[in-house]
Amino acid sequence: MRWTEFFIPTTKEVPKDAVVASHQLMLRAGLIRQLAAGVYAYLPLGYRALRKIENIVREEMNSAGAIELHMPCLQPLELWEQTGRTQAMGDVLLRLAGPAGDWRTQTCLGPTHEENVTEIVKAYVSSYKQLPINLYQIQTKFRGEARPKSGVLRTREFLMKDAYSFDRDKAGLDVSYQKMYDAYCRIYTRCGLPYIAVEAESGPIGGDASHEFMVLTEAGEDYVAMSENGDYAANTERATCAPPRISAAPLTGSGAALSEIHTPGAGRVEDVCKLLGTTPAHMIKTLIYRTATVEATSHRKGAASGPPARVIALVRGDHDINDHKLAKISGLRLELADPRTIEELTGAAVGFAGPQGLFDRLRPGEQLIIDRDVEVMTSAATGANRTDYHVDGVVPGRDFPLESRGESGAAVKVADIRNVVDGDASPTGSGSPLRLRKAIEVGHVFKLGTKYTAKDSLDATFLDADGKPKPFIMGCYGIGLNRIMAAAIESRHDDGGIIWPMSIAPFEALIVALDPRDAQVMSTAAKIHDELAAAGVDVLYDDRDERAGFKFKDADLIGIPLRIVVGRKSLAEGVVEMGRRAGGEAVKLPPSEAVGRATALVRELRG
RNA sequence: CGGGGCGUAGCUCAGCCUGGUUUAGAGCGCUUGGUUCGGGACCAAGAGGUCGGAGGUUCAAAUCCUCUCGCCCCGACCA
């Protein structure tokens, strides 16, 4: 391909809206063009890279036994109502607008395709003899992201590979899941991504096991907790750490009475610490939750009614509650209580709650959930349950219970309900400290089980060998293709531009002709171009009538892995120069040898 | 949804506070001619803008006021 016959709109200046490196470089290199917030066009160079990624994904999915199909973007809302996800998705589900009763109001743009595949499999797969089966597609997804950001990393429209496995039983799912997990590792390796697989929170989608594939980078928006010795890695949504050491001294307390301290207006931990002369680590945060008002988890009729249940959660002042953990421990879908509920329970304004005495005010079925690190505190400061007052000297076990007493009916639980922090010990017991790193999620694998196939969902069953209908056991597996591209650029660039890995580079080799007016230079460059192309190398030939410096800058920017420079000076010595964008010395070699050497190198680096 | 910032030429921005010498500017990019030619050259001449939109104040609005739309960042949310 000749540059002058292609379309590569590079720019020298950085558009002001671009903040992260991948976004800036993708714009400058002419890979993408923004049309609206979170909506991008892929220009020819960007599209070539995207298609290379797509091909790698397709090859690995096929070789893992998955079968490609293509499902529609337009989906009937009814399908989503059957699984209760119109509510669960909320604003993420993009609906079409139209007059009341119009078909448009009954249609949405698919953010994912669990319902759609399940419907297909339900219709056509009726016997265990047809299982297992894994169907996948590479499709445009639409999501009403509240805040698109970081260029192509978080968008409202994106390309995703989504696969769905259907198995006869859990053992089959384990096999299907592992196949996908392994295929994902091969995909990221082939794409040249420095990825890690971490334990992940499966979220409202349900399921009992889940891994995310992450690329560590400051541009990411997830946090991964990794132990220094590498024996543990998990998304912070899920990460746990070794339990705190129980202090040796029995916690009977000093016997000292609680002392109330006037702390006017100090509702926040830092403010209180200042007034009390203590540190957050010596405080207990008391958070009041209540069961969620919106029954987002259930579309079934007759779900929980009556007054909302309250849950008191305690964590150390320097820790943060992890809502996923809290939800799991409590078994309830919770939200932070409104001020009125808090005042009613504590008798104080928001910001002055403390655990002492509160437990006795809970009704049967309500809960006090104590973080492990609070259990082992010897004495703590916390809210006094009196507006503008805090207390010091609160002793767990003495001033509030650490286990259920039975008669009251309200439960006490001690558990890990906080986010890990930098320096926590690895949960493996190795004692290695955890470090928090920012990361981009480039893929996610779930074990779904029967969430979509169960009777109260889409009721998708097959006849097992025993002649009885059973729900399919599902798994789902997603890869964000645009994110792979951005993540590759995030992790592989320098001041000059992108450094593509050979496998996903829009072109594999770039020929730069330095003296466009010199007939011999041009004919030599053209000959190398033609022969490389004939050898199956994706080659771009910069035949523009530009100065050398200008061409070199563009070459660095668009980051083609292999560069062959044809110039009058070196040609006078009978050589051309071949070098790699990734670095290292360029080698001089006769034009006649260039094609062979370049072809061999390209093949070697394709992976 | 809360907080902050920004909308002036394809791109980066100045002008706005303090309305009128501005017939709206600069640099990059683009066109034409010339000189240059191994790391984003130079000279000369050009093309290109409903100043995001609507309404208002005023003799007069890019500039002041109101509303509105869009984009970016932080937070909330999030398969």
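Quick note: numbers below take in every heavy atom, side chains included, and nothing from hydrogens, waters or symmetry partners. Just so we're on the same page: letters track the sequence lines, and every chain starts at 1.
- Rounding to whole angstrom units, CE of residue A:Met214 and P of B:rA79 are separated by 13 Å.
- Within 4.0 Å (heavy atoms only), A:Pro111 reaches no atom of the nucleic acid at all.
- Scanning atom types as modelled, one donor and one acceptor separated by under 3.5 angstrom connect the side chain of A:Ser570 and the base of B:rG38.
- Spacing between B:rA44 and B:rG29 at atom P, rounded to whole Å, works out to 15 Å.
- Checked against the 6.0 Å centroid criterion, the rings of A:Phe213 and A:His211 do not qualify as a close aromatic pair.
- Pairing partner, B:rU18: none, since no Watson-Crick or wobble contact has both distances short of 3.5 Å.
- In this structure, B:rC71 and B:rG5 make a Watson-Crick or G-U wobble pair, each of the two defining distances being under 3.5 angstrom.
- Aromatic rings from A:Tyr164 and A:His113 are positioned such that their centres are separated by 6.0 Å or more.
- Heavy atoms of A:Thr10 sit nowhere under 4.0 angstrom from any nucleic acid atom.
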Run the side-chain donor-acceptor check on residues 475-486 of chain A: report pairs under 3.5 Å with partners two or more places apart or on a different chain.
residue  : atom : partner  : partner atom : Å
A:Tyr477 : OH   : A:Ser165 : OG           : 2.7
A:Asn482 : OD1  : A:Tyr42  : OH           : 2.9
A:Asn482 : ND2  : A:Leu159 : O            : 3.2
A:Arg483 : NE   : A:Leu153 : O            : 2.8
A:Arg483 : NH1  : A:Glu441 : O            : 2.9
A:Arg483 : NH2  : A:Leu153 : O            : 3.3

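- The base of B:rG38 does not come close enough to the side chain of A:Asp515 for any donor and acceptor atom to sit less than 3.5 Å apart.
- Ring centers of A:Phe507 and A:Phe6: under 6.0 Å apart, within the cut-off.
- Figure legend. B:rG25 is base-paired to B:rC13; pairs are counted as Watson-Crick or G-U wobble with both atom distances under 3.5 Å.
- Of the C1' atoms belonging to B:rU12 and B:rC59, the separation is 37 Å, rounded to the nearest Å.
- Nucleotide B:rC64: paired with B:rG56 (Watson-Crick or G-U wobble, both distances less than 3.5 Å).
- In this structure, B:rA76 forms no base pair with any nucleotide, since neither Watson-Crick nor G-U wobble geometry is met with both distances under 3.5 Å.
- Rounded to whole Å, the separation between the P atoms of B:rG34 and B:rC73 comes to 46 Å.
- When heavy atoms are screened at a 4.0 angstrom cut-off, A:Glu577 is found touching base atoms of the nucleic acid.
- To the nearest whole angstrom, the two C1' atoms, one in B:rC28 and one in B:rC72, are 22 Å apart.
- At B:rC11, none of the side-chain N or O atoms of A:Arg28 fall inside 4.0 Å of OP1 or OP2 (strictly under the cut-off).
- Salt-bridge annotation for A:Glu546 and A:Lys551: absent, with no side-chain N of the basic residue lying under 4.0 Å from a carboxylate O of the acidic one.
- Residue contacts shown for A:Ala37 are limited to sugar-phosphate atoms, with no base heavy atom under 4.0 Å away.
- Here B:rG70 presents its C1' atom at 16 Å from CZ of A:Arg147, a figure rounded to the nearest Å.
- Using the Watson-Crick or G-U wobble rule with both distances under 3.5 Å, B:rG46 pairs with B:rC30.
- Using a 4.0 Å heavy-atom criterion, one finds that A:Asp554 contacts the bases of the nucleic acid, with or without backbone contacts as well.
- Distances shorter than 4.0 Å separate some side-chain N or O of A:Arg547 from OP1 or OP2 on B:rA41.
- If you measure from atom CG of A:Asp222 to atom C1' of B:rA79, you get 12 Å, rounded to the nearest angstrom.
- Within the 4.0 angstrom heavy-atom criterion, base atoms lie near A:Gly567.
- Between A:Asp494 and A:Arg581 there is a salt bridge, since at least one side-chain N of the basic residue sits less than 4.0 Å from a carboxylate O of the acidic one.
- The partner of B:rC51 is absent, by the rule that a Watson-Crick or G-U pair needs both atom distances under 3.5 Å.
- Looking at heavy-atom distances under 4.0 Å, A:Ala18 makes no contact with the nucleic acid at all.
- Contacts of A:Glu441 with the nucleic acid, taken as non-hydrogen atoms under 4.0 Å apart, include base atoms.
- Between A:Ile558 atom CD1 and B:rG40 atom C1' the separation is 14 Å, expressed in whole Å.
- With hydrogens and angles left out, the side-chain atoms of A:Glu115 and A:Trp80 include no donor and acceptor closer than 3.5 Å.
- Partner of A:Asp320 under the salt bridge (Lys or Arg N to Asp or Glu O under 4.0 Å) criterion, chosen from A:Arg418, A:Lys325, A:Lys285: A:Lys285.
- Whole-Å rounding puts the A:Glu335 CD to B:rC78 P distance at 12 Å.
- Within the nucleic acid shown, A:Arg563 comes within 4.0 Å of at least one base atom, counting heavy atoms only.
- B:rA79 atom C1' lies 11 Å from atom CD of A:Glu237, rounded to whole Å.
- Across all their heavy atoms, A:Leu193 and A:Val215 have their closest contact at CD1-CG2, 4.0 Å.
- Classification of A:Lys149 and A:Glu221 as a salt-bridged pair holds, one side-chain N sitting under 4.0 Å from a carboxylate O.
- At whole-Å resolution of the value, CG in A:Leu35 and C1' in B:rG70 are 13 Å apart.
- Atom C1' of B:rA24 sits at a distance of 8 Å from the matching atom of B:rU8, rounded to the whole Å.
- Here the closest heavy-atom approach between residue A:Val565 and residue A:Arg563 is recorded as CG2-NE, 3.7 Å.
- One can place CG of A:Leu336 at 18 Å from P of B:rG75, the figure rounded to the nearest angstrom.
- For the P atoms, the distance from B:rA62 to B:rG25 is 13 Å, rounded to whole Å.
- Nucleotides B:rC64 and B:rG48, compared at atom C1', are 30 Å apart to the nearest Å.
- Residue A:Gln34 is classed as a sugar-phosphate contact, given heavy-atom separations below 4.0 Å to backbone atoms only.
- Across the P atoms, B:rG55 and B:rC1 are found 26 Å apart, a figure rounded to whole Å.
- Summarising the base pairing, B:rA41 is matched to B:rU35 through a Watson-Crick or G-U wobble pair whose two defining distances lie under 3.5 Å.
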Q.
Does the protein touch nucleotides 5-10 of chain B at the base, only the backbone, or not at all? Give it as B, S and - per nucleotide, heavy atoms under 4.0 Å.
A. -S----
